[in-house]
Amino acid sequence: MGWAIALHGGAGDIPHSLPPDRRLPREAGLRHCLDVGIAALKAHKHPLDVVELVVRELENYPHFNAGKGSVLTSSGTVEMEASIMDGKSKKCGAVSGLSTVVNAVSLARLVMEKTPHIYLGFHGAEAFAREQGVETADPSYFITPENIERLKQAQDANRVQIDYTQPVQKEAKDAAATIPNGDSQIGTVGCVAVDSEGNLASATSTGGLVNKMAGRIGDSPIIGAGTYANHLCAVSATGKGEAMIRDTVARDVAAVMEFKGLSLKEAAAYVIDQVPPGNAGLVAVSSTGEIATVFNTTGMFRACASEDGYSEVAIWDSPLK
């Protein structure tokens with residue numbers, strides 16, 4: 001048994017032709033956040049602190065769809081959401097509909113620790129953020145030129161886009177045609193960690209789907225769908241939230257381990273196989289330090305490491321070198 005950590009930056013239709021200017025910043029961001037998490041675990045930080053710290057770093061990175069850089073609703077606004085969960089106590093917190101909170105994951109933790117509730121949304125969550133004195137910013141802080149363009153592309157195509165879906169040319173003769181070297185957007189972020197004593201935690205944060213209806217809530221803040229942790233494992237999911245909610249993806253990994261007696265990797269593969277292709281991915285760690293990174297999309301931005309020296313940053317089936 002030893003510590004282990006895994007994080008993701010979103011799953012979806014990530015083309016192998018993704019140009020370096022779009023791939024390399026995300027790879028660098030994953031490596032940086034992985035190093036932050038490893039250092040925290042080596043310093044004997046509790047996994048709950050580790051996942052919050054790592055997800056905060058990912059939220060502050062404009063190349064991922066969470067915090068700064070969150071994708072836009074059909075109204076051109078940002079509505080961020082996040083959740084966090086401790087495996088041993090099963091304490092958890094979640095928030096949705098944030099438009100000014102710089103780090104949604106930290107507000108989710110405050111909901112867990114400072115209220116009798118689990119989930120706060122929209123005006124109530126924003127009011128709680130002001131009450132707690134967390135860092136906020138004007139909504140324009142979160143909006144990037146790339147996201148404005150992605151919203152326009154999605155609206156032109158009249159669709160709601162999962163992370164990294166290829167933009168469709170409005171007047172393309174081929175319905176599957178894409179804008180050269182384009183990638184739809186930056187993905188949901190999450191982190192799972194376990195320490196050498198088997199303590200587990202998970203956190204997930206996102207801006208949602210490109211061109212989603214205002215008020216739409218995905219899987220990221222829903223305990224059991226996008227985020228889950230208990231005494232067996234910690235899971236953070238990514239992809240199309242509606243699919244993750246229907247299949248209770250994060251909780252099912254733990255349930256399959258408990259009731260079928262499968263290993264973490266077997267359980268994760270089994271659960272993702274039940275989700276329609278092209279919709280889901282997850283990262284998970286077990287209480288014994290096992291790591292699973294599974295997806296049924298073209299790719300998933302991810303990174304992981306364990307105390308035995310294993311380390312990987314990858315997008316597709318093979319690790320990036």
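Keep in mind that the numbers below use all heavy atoms, side chains included, and drop hydrogens, waters and symmetry copies. Fair warning: this is a prediction, and the values are worked out from it, not measured in the lab.
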Would a distance-only check, ignoring hydrogens and angles, find a side-chain to backbone donor-acceptor pair under 3.5 Å from N65 to G208?
yes
R216 with E242: basic N within carboxylate O range, under 4.0 Å
yes
Which word best sums up how the rings of H16 and W316 line up, parallel for under 30°, tilted for 30 to 60°, or perpendicular for over 60°?
parallel
Rounding to 0.5 Å, atoms CG (N199) and CG (L48) come to a distance of 10.0 Å
Which residue pairs pass the salt bridge (Lys or Arg N to Asp or Glu O under 4.0 Å) test with at least one member in residues 249-277, sequence neighbours excluded?
none
For G289 against A4, the heavy-atom pair lying closest together
O-CB, 3.6 Å
Salt-bridge criterion met for R109 and D49 (N-O under 4.0 Å):
yes
Is the shortest side-chain N to carboxylate O distance from R31 to D35 below 4.0 Å?
no
Holding to side-chain hydrogen bond (donor to acceptor under 3.5 Å, both in side chains), I want the full list of residues that pass it with E126, two or more places apart in sequence or in another chain.
S99, T100
Using a 4.5 Å cut-off between side-chain heavy atoms of Ile, Leu, Val, Met, Phe, Trp and Tyr, which other residues end up in the same hydrophobic cluster as V192?
V194, L200, V283, V285, I291, F295, M300, Y310
To the nearest 0.5 Å, what is the distance between CD1 (I84) and CG (L110)?
9.5 Å
For residues S83 and I223, report the shortest heavy-atom separation together with the two atoms involved.
CB-CD1, 4.0 Å
Report yes or no: does E57 contribute a side-chain atom to a donor-acceptor pair with the main-chain N or O of L53 at less than 3.5 Å?
no
Over all atoms of both residues, closest heavy-atom pair of I217 and S96
CG2-OG, 3.8 Å
Do T115 side-chain atoms and V111 backbone N/O form a donor-acceptor pair below 3.5 Å?
yes
Using modelled atom types only, decide if a donor and an acceptor are shared between the side chain of K212 and the backbone of E79 within a distance under 3.5 Å.
yes
